[in-house]
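None of the values given here were measured: they were computed from a predicted structure. Below, chain A is the first sequence line, B the second, and so on; all start at residue 1.
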Number of protein chains: 2
Amino acid sequence: MMVTIYDIAKQAGCSAMTVSRVINNTGRISDETRQRVLDIMKEMNYVPNAMARSLVKQESRILSLLITDITNPFYTSLARGAEDAARELGYRLLLANSDEELAKEKEYIDTVLSARVDGVLFAPAGDASLPNLKRLRKQNLPFVLIDREVPGIECDMVLGDSKEGAKRLTSHLIEQGHARIALLGGSRGVSTARARQAGYEETLQLSGLPYREEYVAESHYRAGEIARHVKRLMALPEPPTALFAANNFLALGAIRALRDQGLRVPEDVAVVCFDELEAGFVLDPFMTVAAQPAYDFGVLGIRLLVDRIQGKAAEDWRRVVLPPTVHLRRSSGGT
Amino acid sequence: MMVTIYDIAKQAGCSAMTVSRVINNTGRISDETRQRVLDIMKEMNYVPNAMARSLVKQESRILSLLITDITNPFYTSLARGAEDAARELGYRLLLANSDEELAKEKEYIDTVLSARVDGVLFAPAGDASLPNLKRLRKQNLPFVLIDREVPGIECDMVLGDSKEGAKRLTSHLIEQGHARIALLGGSRGVSTARARQAGYEETLQLSGLPYREEYVAESHYRAGEIARHVKRLMALPEPPTALFAANNFLALGAIRALRDQGLRVPEDVAVVCFDELEAGFVLDPFMTVAAQPAYDFGVLGIRLLVDRIQGKAAEDWRRVVLPPTVHLRRSSGGT
DNA sequence: TTGAAAGCGTTACCAT
DNA sequence: ATGGTAACGCTTTCAA
């Protein structure tokens with residue numbers, strides 16, 4: 001169907017091997033022959049078959065990036081970083097989206113395994129991703145974890161400093177005079193959610209504030225859940241005066257829920273969150289956040305991965321931690 | 001290196017062909033043999049090699065989606081639709097991002113061609129994408145255009161109704177009493193930008209309003225450009241009282257620029273735009289927009305593509321047009 | 001119900 | 001400097 005090196009060889013009056021050598025710039029070839037082959041390749045619109053090549057070379061020069069939410073700006077920035085880094089290193093990037101669903105994640109593992117990609121940059125849905133990662137490990141496919149770690153698996157990873165960020169956001173609220181601070185946390189099955197909660201608790205303790213069970217909510221991203229949590233919190237006898245949302249998605253839901261209840265931010269409730277919000281917030285840079293260097297997550301993740309694939313990595317697993325930057329804005333009364 | 005059907009065959013005491021038949025559920029095989037093979041496959045952690053299979057079957061069951069901006073919510077929604085539709089139809093989706101750059105687009109063409117994907121869902125950077133599309137056509141690789149059309153190429157496509165949306169937004173501004181309406185348009189090298197400008201002009205004309213050259217700006221997405229355009233517009237002897245931005249990105253830039261000049265929206269200038277803004281705007285559903293059904297763009301695009309690949313499509317090229325929905329909100333004084 | 005051989009398009013290896 | 005042959009892992013075709 002498509003033009004092959006044999007077709008080229010026939011036209012050029014040489015062997016397929018010679019054509020292959022021209023394509024790969026390998027071995028010695030007379031300038032005359034090279035030019036003739038090149039001309040004919042162009043003329044016949046030759047396109048190399050990457051699958052055939054990968055089959056014999058036992059490498060695809062393709063990396064794969066799995067993210068959990070393609071609509072989250074944190075992950076799209078990360079994807080851009082990964083893309084740029086992969087390109088620079090001579091790899092293609094296959095992008096996929098698990099939607100935080102374990103089933104899709106598993107399906108994806110099958111895909112990359114049978115596609116014989118050279119490595120995977122992996123943002124796990126949560127601790128429950130362990131079997132999926134073990135599958136990669138068993139098949140000897142190099143991978144790097146990004147954003148979240150998974151207990152039970154040792155590997156290279158690029159993480160944010162969730163605990164530190166949470167501490168700083170919580171401290172900030174305390175400095176603003178808040179003593180009743182609620183946590184709208186993510187699932188405890190996700191490492192970042194746990195770390196953010198830990199930072200919150202520790203800061204309360206260090207400041208001599210009580211830890212109140214009823215001020216802590218755990219969200220599993222189900223419909224209407226955030227609104228229910230917020231409603232419960234604000235209906236407490238002593239409702240919180242400030243809210244720490246563990247990520248941008250939760251913050252959005254929380255603010256919407258507060259608004260629906262006629263509460264103003266920050267006048268009635270101060271709100272801070274982890275992760276930057278969408279670019280559109282330039283219209284109204286409103287939220288106090290702990291922003292993470294998402295693009296760099298992608299770049300460094302790919303670099304670790306490629307080092308590992310090419311055997312340039314140290315034997316020990318590497319753990320890169322990128323600190324967040326806190327931006328004080330109106331939502332916390334910070335500006 | 002990895003387990004092959006020959007390894008399985010040896011263990012199972014049968015031929016590779018038998019293993020192949022078990023994997024593909026093809027031909028007749030005794031239940032006993034089948035079970036034995038299945039057991040051994042599991043035991044040995046067999047993973048089929050998709051490249052080897054594609055090489056002989058001459059199809060990859062992979063489709064490719066090219067978008068021009070992975071950070072734009074229009075395209076990420078579209079990508080989700082495409083992903084879901086592809087999955088449903090038994091295809092994998094390879095996602096790529098051209099960043100509106102022709103060079104990346106060209107590079108991408110090479111990739112999909114040599115990867116031997118079965119088809120491409122293509123959001124072109126603009127009219128200048130023509131040679132890239134011709135390349136696909138020459139290689140007989142099925143493709144479907146989404147969002148933008150490209151003069152000079154006939155193919156299946158899924159488009160929005162840019163002209164109609166522009167008319168309705170412009171009419172709305174006129175109904176609000178505006179007579180001096182500026183257009184912040186996209187590049188004239190992009191079909192949607194032209195159609196939106198046409199809708200704008202036509203509506204002015206039908207309403208008996210003059211078309212003023214100085215009220216029209218064309219943006220090529222260069223740094224600082226939007227701010228300069230807005231500054232020029234607002235410095236005119238008779239500055240516009242309303243602004244129609246041809247897409248969400250331009251609208252964001254425009255509003256920021258207006259704010260920097262101390263102008264309020266909508267009190268000093270009304271603003272409307274094409275495309276919905278980020279989800280984060282739930283915090284402040286502020287902008288009057290012509291929203292497009294982005295997810296459906298993806299779904300329908302993939303369906304057209306697969307029909308074409310599988311030979312189920314009519315001979316004639318199909319052109320699906322999805323109408324926008326106008327949401328009246330505060331930015332235009334609409335609510 | 002099962003198997004042997006050929007071939008998909010390429011590169012590695014050994015010749016010449 | 002160039003070519004022949006085998007191999008990558010699989011499916012198709014034909015035969016038993």
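Rounding to the nearest 0.5 Å gives a distance of 8.5 Å between CZ of R61(A) and CD1 of I309(A).
Looking at R319(A) and D156(A), no side-chain N of the basic residue comes within less than 4.0 Å of a carboxylate O on the acidic one, giving no salt bridge. Under the 4.0 Å criterion applied to side-chain N and carboxylate O atoms, R135(A) and D110(A) are assigned as salt-bridge partners. At a threshold of 4.0 Å, the pair R148(B)-D127(B) does not count as salt-bridged, since none of the basic side-chain nitrogens sits closer than that to a carboxylate oxygen. At a threshold of 4.0 Å, the pair E101(B)-R87(A) does not count as salt-bridged, since none of the basic side-chain nitrogens sits closer than that to a carboxylate oxygen.
Residue-level contact check: S54(A) touches neither bases nor backbone, having no heavy atom under 4.0 Å from any strand.
Contact between the side-chain N/O atoms of T18(B) and the OP1/OP2 oxygens of dT2(C) is not found at any separation under 4.0 Å.
Residues meeting the side chain to side chain contact (heavy atoms under 4.5 Å, CB included) test with L133(B), sequence neighbours left out: F122(B), L136(B), F143(B), L145(B), V150(B), I153(B). Every residue two or more places apart in sequence or in another chain was checked for a ring pair (Phe, Tyr, Trp, His ring centres under 6.0 Å) with Y6(B), and none qualifies. Under the rule for a salt bridge (Lys or Arg N to Asp or Glu O under 4.0 Å), R137(B) has no partner lying at least two apart in sequence or in another chain.
The CG atom of N25(B) sits 13 Å away from the P atom of dT1(C) (whole-angstrom rounding). Counting to the nearest Å, the C1' atom of dT1(C) and the CD atom of Q35(B) are 17 Å from each other.
For the helix from dT1(C)-dA16(D) to dT16(C)-dA1(D), the end axes, each set by the C1' atoms of five terminal pairs, are bent relative to each other by 40° (nearest 10°).
A donor-acceptor distance shorter than 3.5 angstrom exists from the side chain of S129(A) to the backbone of A125(A), with no hydrogens or angles considered.
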- Task: Sugar-phosphate atoms are those with a prime plus P, OP1 and OP2; base atoms are the rest. Using that split, label each nucleotide of nucleotides 4-16 of chain D B, S or - for protein heavy atoms under 4.0 Å, 5' to 3'.
- Result: B---BBBBB----
- Message: Applying salt bridge (charged side-chain N to carboxylate O under 4.0 Å, His left out) to R92(A) and E59(A), what does each step give before you reach the verdict?
- Response: CA-CA 12 Å; R92(A) 310 275 175 202; E59(A) 67 160 18; over 6 Å; no
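Contacts between residues 37-44 of chain B and DNA chain C, defined by a heavy-atom separation under 4.0 Å, are absent.
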